[in-house]
Amino acid sequence: MKLRVKYLGIEAGGKPIVILNKADAEELGIKSLGRVKIRYKNRKATGIVNIGISVVESGEIGIYEEVK
């Protein structure tokens with residue numbers, strides 16, 4: 001699934017946290033604290049998932065400073 005990135009401007013103390021919309025997480029079968037692989041051009045990262053209802057819209061992935 002392709003998602004638009006929304007930079008949240010939050011630090012998590014070194015943990016690579018991302019936030020998914022609840023509907024997108026359900027569609028992907030991902031639960032809170034699950035892992036997702038993120039790719040942008042030739043860069044890759046693995047993010048620890050938090051799920052939010054109002055933090056990001058459907059079709060977006062919120063990324064913390066450590067993932068940026």
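Excluded from the calculations below are hydrogen atoms, water molecules and symmetry mates; all remaining heavy atoms, backbone and side chain alike, are included. Given the structure is predicted, the values throughout are model-derived calculations rather than measurements.
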Measuring from atom CD of Glu27 to atom NZ of Lys22, what distance do you get when rounded to the nearest 0.5 angstrom?
14.5 Å

Residues sharing Leu20's hydrophobic cluster, by side-chain heavy-atom contacts under 4.5 Å among ILVMFWY, directly or via others?
Met1, Leu3, Val5, Tyr7, Val18, Leu28, Ile30, Val36, Ile38, Val49, Ile51, Ile61, Ile63, Val67

CD1 on Ile19 to CG on Asn50, rounded to 0.5 Å
5.5 Å

Residues in side-chain contact (heavy atoms from CB on, under 4.5 Å) contact with Glu11, at least two apart in sequence or another chain:
Glu65, Glu66

Verify the cluster assignment for Ile53 and Ile10: are they in a single hydrophobic cluster under the rule of side-chain heavy atoms below 4.5 Å apart?
no

So how far is it from Glu60 CD to Arg4 CZ, rounded to the nearest 0.5 Å?
5.0 Å

Closest approach of Val56 and Asn21, non-hydrogen atoms and distance?
O-ND2, 3.0 Å

Partners passing side-chain hydrogen bond (donor to acceptor under 3.5 Å, both in side chains) against Asp24 (at least two apart in sequence or in another chain):
Ser58

